[in-house]
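Here is the naming used below: chain letters follow the sequence lines, and residue numbers restart at 1 for every chain. Any value given below was found using the heavy atoms of this structure, including those in side chains, with hydrogens, waters and symmetry copies removed.
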2 protein chains.
Amino acid sequence: MVVDQLRESELDRLFQAFADPTRRDIVRRATVGEYTVSGLAALYAMSFAAVQKHVAVLERASLVTKEKRGREQIVRGNHEGLQKARRLLDEYEQIWRQRAARMADILAEG
Amino acid sequence: MVVDQLRESELDRLFQAFADPTRRDIVRRATVGEYTVSGLAALYAMSFAAVQKHVAVLERASLVTKEKRGREQIVRGNHEGLQKARRLLDEYEQIWRQRAARMADILAEG
DNA sequence: CTGATCTACAACCATTTGGTTGTACGTTAG
DNA sequence: CTAACGTACAACCAAATGGTTGTAGATCAG
């Protein structure tokens, strides 16, 4: 069927990005405020490079953006990725509602 | 901090489960109708065992349920997992709205 | 009863993931 | 200018992931 190959891998990256507690925390924080990469790194019990990788994963998933400011890199939440993830889950919710509606129909005519 | 360790790994499993196109497709189909494991397996260009594993991942994430019927196993969509995933993304959306509200406040008093 | 079917699960393999350390390079502070 | 800082990236490693084949136990059909 090959249903929208591009969107599929985009969704893979999105949900993969959400599937890690450190990354979810980074998204939260970077949405509330502004953080440098090392500012974020200071928050977790892992190396700077590990956090840097997490940020890179989030950036590829459009869940954060990075903006260079002098020698620092400012990390901010990016609404775009979140919206896309929510849109998919909304589709699934819609499928559930249609299913419920069909059940109701069957009961009504039965 | 150890914020709700249980829920965290539950969310890991949930989003990890969504991070694969075959699994997303299985959830869709199993929500619309009923499928046996081999009925699902027939739909994809991979082995029965591979599909079986995907179903197991979805089951652990509460995105589908399995019910034994004779020698068959009926796979159905499970609303529970979807709801939990949606609830998390709604939290994140809420954070965005709060952020937007704060921005508006700053502009208003400025 | 016997053979085909459906499922489960183990063992294996290649690739990806999530972490590490080390090196290099631009930028800022003193 | 020089030292410290912030970042990027490569190389490496262990564990997890996504796939395979093969074996075995239930259950159903003829």
Side-chain angles (χ1 to χ4, degrees), chain A residues 2 5 8-30 33-76 81, chain B residues 2 5 8-27 29-30 33-76 78 81:
Chain A
V2 187
Q5 186 60 42
E8 287 299 289
S9 56
E10 196 182 357
L11 291 171
D12 292 354
R13 270 178 277 130
L14 255 174
F15 288 105
Q16 182 62 40
F18 268 118
D20 180 283
T22 302
R23 288 197 290 261
R24 288 193 296 273
D25 195 60
I26 290 175
V27 171
R28 255 177 221 280
R29 293 181 185 269
E34 288 187 357
Y35 286 83
T36 63
V37 179
S38 45
L40 285 169
L43 300 170
Y44 308 103
M46 67 185 73
S47 70
F48 170 82
V51 174
Q52 204 180 7
K53 282 192 187 179
H54 281 309
V55 172
V57 169
L58 291 170
E59 195 182 17
R60 270 185 285 120
S62 303
L63 284 168
V64 304
T65 60
K66 284 194 302 185
E67 185 192 344
K68 199 160 192 167
R69 194 157 71 191
R71 67 182 158 185
E72 302 179 327
Q73 198 83 258
I74 308 299
V75 180
R76 295 194 186 82
Chain B
V2 187
Q5 184 61 41
E8 287 298 292
S9 55
E10 196 183 357
L11 291 171
D12 292 355
R13 270 178 277 129
L14 254 174
F15 288 104
Q16 182 61 41
F18 268 118
D20 180 283
T22 302
R23 287 197 292 259
R24 287 194 296 272
D25 194 61
I26 290 175
V27 170
R29 292 182 185 269
E34 288 187 358
Y35 286 84
T36 63
V37 180
S38 45
L40 285 170
L43 300 169
Y44 309 103
M46 66 185 73
S47 70
F48 170 81
V51 174
Q52 205 181 7
K53 282 192 186 179
H54 281 308
V55 172
V57 168
L58 291 170
E59 195 182 17
R60 270 184 287 121
S62 304
L63 283 169
V64 305
T65 60
K66 284 194 303 186
E67 186 192 343
K68 199 160 192 165
R69 194 157 72 193
R71 67 181 157 184
E72 301 180 329
Q73 199 83 259
I74 308 298
V75 180
R76 295 195 186 82
N78 183 4

Quick note, salt bridge (charged side-chain N to carboxylate O under 4.0 Å, His left out) partners involving residues 37-53 of chain A, not counting sequence neighbours, are none

For B:Arg71, the salt bridge (Lys or Arg N to Asp or Glu O under 4.0 Å) test, sequence neighbours excluded, returns none

Residues at least two apart in sequence or cross-chain that pass salt bridge (Lys or Arg N to Asp or Glu O under 4.0 Å) with B:Arg24, listed by chain then number, are A:Glu8, A:Asp12

In whole angstroms, the gap separating P of C:dT27 from CD1 of A:Ile74 amounts to 15 Å

Could you go through nucleotides 26-30 of chain D and list every protein N or O atom that sits under 3.5 Å from one of its N or O atoms, giving the distance for each pair?
unit_1 : atom_1 : unit_2  : atom_2 : d
D:dT27 : O2     : B:Arg71 : NH1    : 3.4

Residue set satisfying ring-ring contact (aromatic ring centres under 6.0 Å, His included) with B:Tyr35, at least two apart, ordered chain then number -> none

Quick one: is A:Ser38 getting a side-chain N or O under 4.0 Å of the D:dC5 phosphate, OP1 or OP2? no

N/O to N/O distances under 3.5 Å, protein versus nucleotides 18-23 of chain C:
unit_1 : atom_1 : unit_2  : atom_2 : d
C:dG18 : OP1    : A:Arg23 : NH2    : 3.3
C:dG18 : OP2    : A:Arg23 : NH1    : 3.1
C:dG19 : OP2    : A:His54 : NE2    : 2.2
C:dG19 : N7     : A:Lys53 : NZ     : 3.1
C:dG19 : O6     : A:Lys53 : NZ     : 2.2
C:dT20 : OP1    : A:Ser47 : N      : 3.3
C:dT20 : OP2    : A:Ser47 : N      : 2.7
C:dT20 : OP2    : A:Ser47 : OG     : 2.5

By salt bridge (Lys or Arg N to Asp or Glu O under 4.0 Å), B:Asp25 pairs with (sequence neighbours left out) B:Arg29

B:Phe15 CZ to D:dA16 P, in whole Å, measures 21 Å

Solution key, residues 57-70 of chain B side-chain donor-acceptor pairs under 3.5 Å, sequence neighbours excluded:
unit_1  : atom_1 : unit_2  : atom_2 : d
B:Glu67 : OE1    : B:Arg76 : NH1    : 2.5
B:Glu67 : OE1    : B:Arg76 : NH2    : 3.3

Taking five pairs at each terminus, the helix from C:dC1-D:dG30 to C:dG30-D:dC1 shows an axis bend, to 10°, of 30°

Is B:Gln52 near enough to C:dA8 that one of its side-chain N or O atoms lies under 4.0 angstrom from OP1 or OP2? yes

Sorted by chain and number, sequence neighbours left out, ring-ring contact (aromatic ring centres under 6.0 Å, His included) with B:Phe15 holds for A:Phe18

B:Glu10 meets the side-chain hydrogen bond (donor to acceptor under 3.5 Å, both in side chains) criterion, sequence neighbours left out, with B:Lys84

Hits for salt bridge (Lys or Arg N to Asp or Glu O under 4.0 Å) against A:Glu72, two or more places apart or cross-chain, chain-then-number order -> none

